[in-house]
Amino acid sequence: MPELPEVETIAADLRPHLVGRTVVRCELLFPTIVRHPEPELFIDSVVGMRISSVGRRGKYILIRLVDDLMLVVHLGMSGQLRLVEPSTPLATHTHATLNLDDGMQLRYRDPRRFGRLLLGTEAALLDSKAMPPLGPEPIDPGFGADDMYQRFRRRKAKLKAILLDQSTIAGVGNIYADESLHRARLRPDRIAGSLSKKSVRRLHESLRESLLVAIQNRGSSVDTYRDAWGEFGGQQERLLVYGRAGEPCFTCGRPLSLVRIAGRSSVFCRRCQR
DNA sequence: TTAAATTCCTGTAAGC
DNA sequence: TGCTTACAGGAATTTA
């Protein structure tokens, strides 16, 4: 499922092909995938707009248009954003298409429909609660271990739950939460507020490392993730614990444990992670 | 205020 | 072989 590294890969792939392009046509095959504003207004507003930049915030892809307007894409569990020739056969569960002035077509496909499309100024999207306030970017050099320590202090929830909380840190999902906790040798059920500064520093570094390596490898194609060209990522073969419950820990050889925390499966090594 | 549980949704895989 | 059932999870919403 798409988390920060996967979303970053797609945004970076699309950027050189989208910036400077104008949207000439928009079709919503499943209008309820648009959560803001009303689908008709969404279409009216996006058509004719020129794309000025493509960015990412947490797990959101931000396609900036003129006049501070943003087309925001959240891929949810199974969302895919692809740039194709319009003659390409339409895949099942394609919910929206955007034609560009260079003849290409941007398509949004999402079998499980947990994803969504938004359009508006940043302020309007925040005000309408269409987009929630997000915590800092974990790979931003300005986000240090001390910041993380302050955010974890006094929190009584388990580490795994805190890492998944987008308002505490943006962009981390189940894959990279498990991966970074393993690298940091911390149990996912540790109470976040109980960590020493030293442990938080280790987790901070591990999280950055997990995410940056995954970006280098173009993300993890577990489940349905594909990049903007429909290609697989490379990180799924290099994951240390995610999806490996029962298999031997690469460090100590002990079978990896599976527990449920905050309704999510969590894989970890009982020997290496204390 | 915070944390945990529930809900949405469909493809996939396990089990009978 | 073919059907049923459980499971996967991001985040909004509800409950405690």
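This structure is a prediction, so every number in the text was calculated from the model and none was measured. Every chain is numbered from 1 and lettered A, B, ... according to where its sequence line falls, protein lines coming before strand lines.
A/Gln80 and A/Arg109 share a side-chain donor-acceptor pair at under 3.5 Å. Counted by atom type alone, A/Tyr176 and A/Asp178 present zero donor-acceptor pairs between their side chains at under 3.5 Å. Side chains of A/Asp110 and A/Ser78: a donor-acceptor N/O pair is present below 3.5 angstrom, by distance only. Using a 3.5 Å distance cut-off with no hydrogens or angles, the side chains of A/Arg155 and A/Thr168 do pair a donor with an acceptor.
The side-chain heavy atoms of A/Leu41 and A/Leu119, taken from C-beta on, include no pair separated by under 4.5 Å. Taking the side chain as every heavy atom from C-beta outward, A/Leu195 and A/Leu186 approach each other to under 4.5 Å. Under the 4.5 Å side-chain criterion, counting only non-hydrogen atoms from C-beta, A/Val172 is not in contact with A/Leu4. Side-chain contact between A/Tyr225 and A/Thr9 is present, with heavy atoms from C-beta onward closer than 4.5 Å. At a threshold of 4.5 Å between non-hydrogen side-chain atoms, the residues A/Pro5 and A/Gln235 do not count as touching.
Within residues 149-160 of chain A, the residues that have a heavy atom under 4.0 Å from DNA chain B are, in order of number, A/Arg155, A/Lys156, A/Ala157. Within residues 206-216 of chain A, no residue has a heavy atom under 4.0 Å from DNA chain C. Residues of residues 116-133 of chain A having a heavy atom closer than 4.0 Å to DNA chain B: none are found.
Ring centroid separation for the pair A/His204 and A/Phe143 comes in under the 6.0 Å cut-off.
A/His95 meets the ring pair (Phe, Tyr, Trp, His ring centres under 6.0 Å) test with A/Phe30; sequence neighbours excluded. Contacts of A/Glu247 classified as salt bridge (charged side-chain N to carboxylate O under 4.0 Å, His left out), with partners at least two apart in sequence or in another chain: A/Arg244. Take A/Asp189 and apply the side chain to side chain contact (heavy atoms under 4.5 Å, CB included) test, not counting sequence neighbours, and it matches A/Lys158, A/Arg187, A/Ile261. Listed by chain and residue number, nothing satisfies the salt bridge (charged side-chain N to carboxylate O under 4.0 Å, His left out) test with A/Lys59 (two or more places apart in sequence, or in another chain).
The other members of the hydrophobic cluster of A/Leu118, by chain and number, are A/Tyr60, A/Leu62, A/Met70, A/Val72, A/Leu125, A/Met131, A/Leu134 (side-chain heavy atoms under 4.5 Å, ILVMFWY only).
Among the atoms of the strands shown, none is found under 4.0 Å from any heavy atom of A/Phe30. A/Arg264 comes within contact range of at least one nucleobase, with a heavy-atom separation under 4.0 Å. Counting any heavy atom pair closer than 4.0 Å across all strands shown, A/Ser78 reaches no nucleic acid atom. Across all strands, A/Met77 comes closer than 4.0 Å to base atoms (heavy-atom distances).
Ion pairing between a basic and an acidic side chain is recognised when a charged N comes within 4.0 Å of a carboxylate O; A/Asp13 and A/Arg218 show such pairing.
You can see that DNA chain B meets the heavy atoms of chain A within a 4.0 Å-exclusive cut from B/dA3 to B/dG11, reading 5' to 3'. With a heavy-atom cut-off of 4.0 Å to chain A, the contacted part of DNA chain C has its first and last nucleotide at C/dA8 to C/dA12.
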Pairing annotation in dot-bracket form, given for DNA chain C with Watson-Crick or G-U pairs under 3.5 Å and | for cross-strand partners: .|||||||||||||||
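Under a 3.5 Å cut-off, the side chain of A/Glu3 and the backbone N or O of A/Asn174 do form a donor-acceptor pair.
For residues 124-143 of chain A, every residue pair satisfying the side-chain hydrogen bond (donor to acceptor under 3.5 Å, both in side chains) rule, not counting sequence neighbours, is listed here: A/Arg56-A/Glu137, A/Arg57-A/Glu137.
With the nearest nucleotide of DNA chain C identified for both A/Arg260 and A/Gln166, A/Arg260 has the one nearer the 5' end.
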